[in-house]
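Reviewing the structure listed below.
A, B, ... follow the sequence lines: proteins, then strands. Residue 1 opens every chain. All figures in this text were calculated on a predicted structure; none of them were measured in a lab.
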Amino acid sequence: MCFYLGKGEQVTLHTWNVTYKEARELQQKLRAMLILTADEVYCDTIAGADVAYNNKQNKCIAACVLYSIKEQKIIETAVAVERITFPYIPGLLSFREAPAVLQAFKKLKGTFQAAMLDGHGFAHPRRLGLASHVALWIGKPTIGCAKSKLIGKFETPPDKAGSWTELHDKGEIIGVVLRTKKNTKPVFISIGNAVSLAQAIVLTLQCTTRYRIPEPIRASHNLLNQHKRIIS
DNA sequence: GCGACAG
DNA sequence: ATCTTGTCGC
């Protein structure tokens, strides 16, 4: 699985055992490839993914699901086990998590129009978080849905489901802080790629039921708890 | 130098 | 993320 950067340059998935410096440089190159002005994406099936780790065994397992927005239910699931090849470093999460996520996505038989990842997308120091990185590899629109902040400043959104405030950094809006449920901490939504922030908010709310976490990610997380033993 | 820091 | 017991609140 390769990805072409142009001018003969290419990056292979298995070359992700890069140095931290190289990882940051790659992010800057990939950042220039993001599609920030996107038309409304037609999306009835959205994918979700999450990863669990076992540092003792040096393994991780990724779970992904396909969620039908119209039927409000999971229509397919898949998991993939991978070796951990990169440490957790704030800002470089995709190098640790994306390989496993991509393997899990490859196992899906059904199609989907967009994906939601458990981390930030554009709301990243170099504007290339996990969701954006994965988007460039799968060639589809993605949304970043994180449970806590990485960077940026914001005002606490009103305590009402559906309300949100902007997440700012260096003079630009990099995402929103969205209240998916009353009396509960908000989540951080940012675009991954090829989708507008406005639609990212709409899609997130369309995937949200009675819980704080949107179904695609919540279901992936639940799926992990059922398969974690595989890597222990 | 100090604080912040997705999963 | 992961390690962990009970506990407070909708």
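Rounded to an integer number of Å, the gap from CG of A:Leu92 to P of C:dA1 is 19 Å. Rounded to whole Å, atom P of C:dT2 lies 10 Å from atom CD of A:Glu97. Rounded to an integer number of Å, the gap from A:Gln57 CD to C:dC3 P is 12 Å. We find that OH of A:Tyr211 is positioned 14 Å from C1' of C:dC10, with the value rounded to whole Å. Atom CD1 of A:Ile231 is separated from atom C1' of C:dA1 by 11 Å (rounded to the nearest Å).
Side chain of A:Thr180 to main chain of A:Ile213: no donor-acceptor pair is present (N/O by atom type, distance under 3.5 Å, no hydrogens or angles). In this structure, A:His120 contributes its side chain and A:Ser148 its backbone to a donor-acceptor pair below 3.5 Å. The main-chain N or O of A:Lys182 is found under 3.5 Å from a side-chain atom of A:Thr184 such that the two form a donor-acceptor pair.
Using a 4.0 Å heavy-atom cutoff across all strands shown, A:Ala52 reaches sugar-phosphate atoms only and no base atom. Among the atoms of the strands shown, none is found under 4.0 Å from any heavy atom of A:Gly144. Residue-level contact check: A:Tyr53 touches the backbone only, with heavy atoms under 4.0 Å from sugar-phosphate atoms and none from bases.
Salt-bridge annotation for A:Glu25 and A:Lys29: absent, with no side-chain N of the basic residue lying under 4.0 Å from a carboxylate O of the acidic one. Taking a cutoff of 4.0 Å between a charged side-chain nitrogen and a carboxylate oxygen, A:Asp169 and A:Arg127 qualify as a salt bridge. The existence of a salt bridge linking A:Glu215 and A:Lys73 is excluded, since no basic side-chain nitrogen approaches an acidic carboxylate oxygen closer than 4.0 Å.
Residue A:Val202 is not grouped with residue A:Tyr67 when hydrophobic side chains (ILVMFWY) are merged at heavy-atom distances under 4.5 angstrom, including chains of intermediate members. The cluster map of Ile, Leu, Val, Met, Phe, Trp and Tyr, joined by side-chain heavy atoms under 4.5 Å apart, puts A:Ile173 and A:Val177 in the same cluster.
At the phosphate of C:dA1, neither OP1 nor OP2 sits under 4.0 Å from any side-chain N or O atom of A:Lys228.
Two residues, A:Lys147 and A:Asn183, neighbour DNA chain C, and the one matched to the more 5' nucleotide by heavy-atom proximity is A:Lys147.
The aromatic rings of A:Phe105 and A:Phe112 sit tilted, their planes meeting at an angle between 30° and 60°.
Helical stems of DNA chain B (runs of at least 3 Watson-Crick or G-U pairs, donor-acceptor distances under 3.5 Å) are absent.
Counting heavy atoms from C-beta on, the side chains of A:Leu66 and A:Ile74 never come closer than 4.5 Å. For the pair A:Glu97/A:Asp118, a side-chain contact is recorded, criterion being any heavy-atom separation below 4.5 Å from C-beta on.
Mapping heavy-atom proximity under 4.0 Å, the span of DNA chain B touched by chain A runs 5' to 3' from B:dC5 to B:dG7.
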* Once Watson-Crick and G-U wobble pairs under 3.5 Å are found, how is DNA chain C written in dot-bracket notation, 5' to 3', with | for any base paired to another strand? -> ..........

